Colleague: 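Sharing a structure with you now.
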Amino acid sequence: MNEHSEPRTGTAEPLAGDSRPDAVTEVFVAHRNLLFTVAYEMLGSAADAEDVLQETWLRWMKVDMGQVRDQRAYLVRIATRRSLDRLRAMSRRKEDYVGSWLPEPLLTAPDVAEDVELAESVSMALMIVLETLSPTERAVFVLREAFGFSHDEIAAAVGKSPVAVRQIARRARQHVDARRPRAEVAPAQARAVLESFQRAFETRDLQSLLDVLAPQVVLISDGGGVKRAAPRPISGADKVARFIVGGLGKARVALTSDHTTVNGNPALVVRVDGELDGVIAIRVEQAGITGLYYVRNPHKLTRVGTETPLTLT
């Protein structure tokens, strides 16, 4: 069978008298975290990624396993196609979204931060850059740069020729490289910067905030029309610092940062008057914090209480 073609489908029968998962289920479960990571990186939404998993499972249940040469590649192909369909629909939803849109933050295990490639691929900073790509460009970039799929495998997943995929991959990489952090910092340095920001945030010390923010810092806040947030990104250290200090009012703010890893990177979980208020992710470069991403939309905070397993393999 040609590896780019769809295997014929059949009916998946459970193993009679056996409570163990059948072979189809075992394969899916073995690749579940990978499929979720693929869908999440393409969509920026855990809820939509879970829907893609369900759709992928339903399609996988109908596959004739004997016709599948590479189970991992085939499952990713299904998930990619479902994600592309959903990504195109989401672009229309985002047009009606109130204020700025940020990816849904995920609480991840500390060891995710130790995997440099994984941590970068799911970082809030990079996923915001991916939002500026077209759906096909985003799919090609994610599959090629994060997961290392070949141009032929990606071509089968996105319905393009390998030659076209090479061109799309090159264009997408150039676009992302022009917008990603100029100079990476070590995780320990990022954590130290975050701790300094936390102290300044909690004490509402304007000068301390200015000391930790890069002059060109940009703050993006996402309230989804439910919580108060800046309607547009705020640029410049002075404006960002004053927005933070002025926005706190008289609320009692507590920030949790010890070993808190969100999207593979150090982050702050914000509680106001004892209630979960949001998550602040940061982008750190040599000059200090260049990006602040404050997710307050309560519908996007359901994944900050339990770790979400992610993987590139």
Side-chain angles (χ1 to χ4, degrees), residues 2-7 27-28 30-46 48-53 55-57 59-60 63 68-91 103-104 106 108 112 115-180 263-264 308-313:
N2 187 300
E3 64 177 347
H4 294 168
S5 64
E6 295 274 352
V27 171
F28 182 85
H31 293 91
R32 187 192 185 285
N33 292 344
L34 167 67
L35 299 174
F36 177 87
T37 307
V38 169
Y40 174 73
E41 288 195 25
M42 286 186 59
L43 301 170
S45 165
D48 284 286
E50 290 288 0
D51 287 342
V52 165
L53 279 187
E55 293 167 5
T56 301
W57 162 247
R59 178 70 182 82
W60 180 244
V63 168
V68 179
R69 275 195 252 172
D70 187 331
Q71 297 166 343
R72 175 179 180 266
Y74 188 74
L75 277 166
V76 169
R77 188 190 315 171
I78 299 173
T80 297
R81 291 177 179 175
R82 301 291 81 78
S83 295
L84 274 172
D85 290 342
R86 195 165 287 265
L87 189 58
R88 294 180 180 114
M90 286 176 68
S91 65
E104 183 177 351
L106 304 179
T108 50
V112 172
D115 185 331
V116 176
E117 291 184 358
L118 177 56
E120 182 186 15
S121 70
V122 297
S123 70
M124 195 71 72
L126 181 60
M127 294 192 71
I128 289 170
V129 174
L130 297 185
E131 286 294 313
T132 63
L133 298 174
S134 72
T136 300
E137 287 174 336
R138 183 165 182 167
V140 169
F141 181 88
V142 166
L143 294 179
R144 182 62 180 168
E145 300 297 324
F147 297 93
F149 281 95
S150 70
H151 293 105
D152 285 350
E153 290 172 322
I154 298 171
V158 301
K160 301 285 185 180
S161 70
V163 172
V165 164
R166 286 180 183 275
Q167 295 172 341
I168 294 169
R170 182 168 57 251
R171 184 170 64 246
R173 189 184 311 113
Q174 291 172 345
H175 180 93
V176 172
D177 286 346
R179 291 161 177 79
R180 72 169 77 213
N263 287 58
T308 298
L310 301 173
T311 184
L312 297 181
T313 59

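Computation of the quantities below employed the complete heavy-atom set of this structure, encompassing side-chain atoms and omitting hydrogens, waters and symmetry-equivalent molecules. Nothing here was measured: the structure is a model prediction, and the numbers come from that model.
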Colleague: Testing Gln174, Arg180, Arg179, Arg173 for side-chain hydrogen bond (donor to acceptor under 3.5 Å, both in side chains) with Asp177, which one passes?
Modeller: Arg180
Colleague: Considering residues at least two apart in sequence or located in another chain, which fulfil the side-chain contact (heavy atoms from CB on, under 4.5 Å) criterion with Glu55?
Modeller: Arg82, Arg86
Colleague: So, using side-chain contact (heavy atoms from CB on, under 4.5 Å) as the criterion, who are the partners of Ser161 when residues are at least two apart?
Modeller: Val163, Ala164
Colleague: Side chains of Ile168 and Thr136, heavy atoms from C-beta outward: is any pair under 4.5 Å?
Modeller: yes
Colleague: Taking atom OG of Ser83 and atom CD1 of Ile78, what is their separation to the nearest 0.5 Å?
Modeller: 11.5 Å
Colleague: Applying side-chain contact (heavy atoms from CB on, under 4.5 Å) to Val68 and Leu75, what does each step give before you reach the verdict?
Modeller: CA-CA 10 Å; Val68 179; Leu75 277 166; over 6 Å; no
Colleague: What distance separates Leu310 CG from Asp115 CG, expressed to the nearest 0.5 Å?
Modeller: 10.5 Å
Colleague: Verify the neighbour count for atom CZ of Arg72: are there more than 12 heavy atoms of other residues, nucleotides or ligands below 6.0 Å?
Modeller: yes
Colleague: Starting at CG of Leu53, measure out to CZ of Arg32 and round the result to the nearest 0.5 Å.
Modeller: 5.0 Å
Colleague: Taking salt bridge (Lys or Arg N to Asp or Glu O under 4.0 Å) as the test, write out the residues that go with Arg170, two or more places apart.
Modeller: none
Colleague: Could you measure the distance from the CG atom of Asp85 to the CZ atom of Arg81? Nearest 0.5 Å is fine.
Modeller: 10.0 Å
Colleague: Taking all heavy atoms of Val122 and all of Gly264, pick out the closest pair and write down the distance.
Modeller: CG2-N, 4.3 Å
Colleague: Minimum heavy-atom separation for Leu312 to Ala146, with atom names?
Modeller: CD1-O, 3.5 Å
Colleague: Restricting to non-hydrogen atoms, name the atom on Ala79 and the atom on Val52 that form the minimum distance, rounded to 0.1 Å.
Modeller: O-CG1, 3.6 Å
Colleague: Tell me which donor-acceptor pairs under 3.5 Å the side chains of residues 35-43 have, and how far apart each pair is, sequence neighbours excluded?
Modeller:
unit_1	atom_1	unit_2	atom_2	d
Thr37	OG1	Asn33	O	2.7
Thr37	OG1	Thr311	N	3.1
Thr37	OG1	Thr311	O	3.3
Tyr40	OH	Glu104	O	2.5
Tyr40	OH	Asn263	ND2	2.8
Glu41	OE2	Ser121	OG	2.9

Colleague: I'd like to check the side-chain hydrogen bond (donor to acceptor under 3.5 Å, both in side chains) partners of Ser134; sequence neighbours left out, ordered by chain and number.
Modeller: Glu137
Colleague: Quick one: CZ on Arg77 to CD on Glu153, what's the gap to the nearest 0.5 Å?
Modeller: 8.5 Å
Colleague: Test side-chain contact (heavy atoms from CB on, under 4.5 Å) on Leu143 and Val76 and set out the steps.
Modeller: CA-CA 9 Å; Leu143 294 179; Val76 169; 3.8 Å; yes
Colleague: Between Ala139 and Thr80, which heavy-atom pair has the shortest distance, and what is it?
Modeller: CB-CG2, 4.3 Å
Colleague: Is there a side-chain contact between Tyr74 and Val63 (heavy atoms, below 4.5 Å)?
Modeller: yes
Colleague: Is there any side chain to side chain donor-acceptor pair (under 3.5 Å) pair reaching into residues 122-131, and which pairs are they, with sequence neighbours excluded?
Modeller: Lys94-Glu131, Glu131-Arg138
Colleague: So, for Gly44 and Met127, which heavy atoms are closest and what is the spacing to 0.1 Å?
Modeller: CA-CE, 3.5 Å
Colleague: For Leu87 versus Pro135, what's the shortest heavy-atom pair and its separation?
Modeller: CD2-CA, 3.5 Å
Colleague: Enter the distance from Leu130:CG to His175:NE2 here, rounded to the nearest 0.5 Å.
Modeller: 8.5 Å
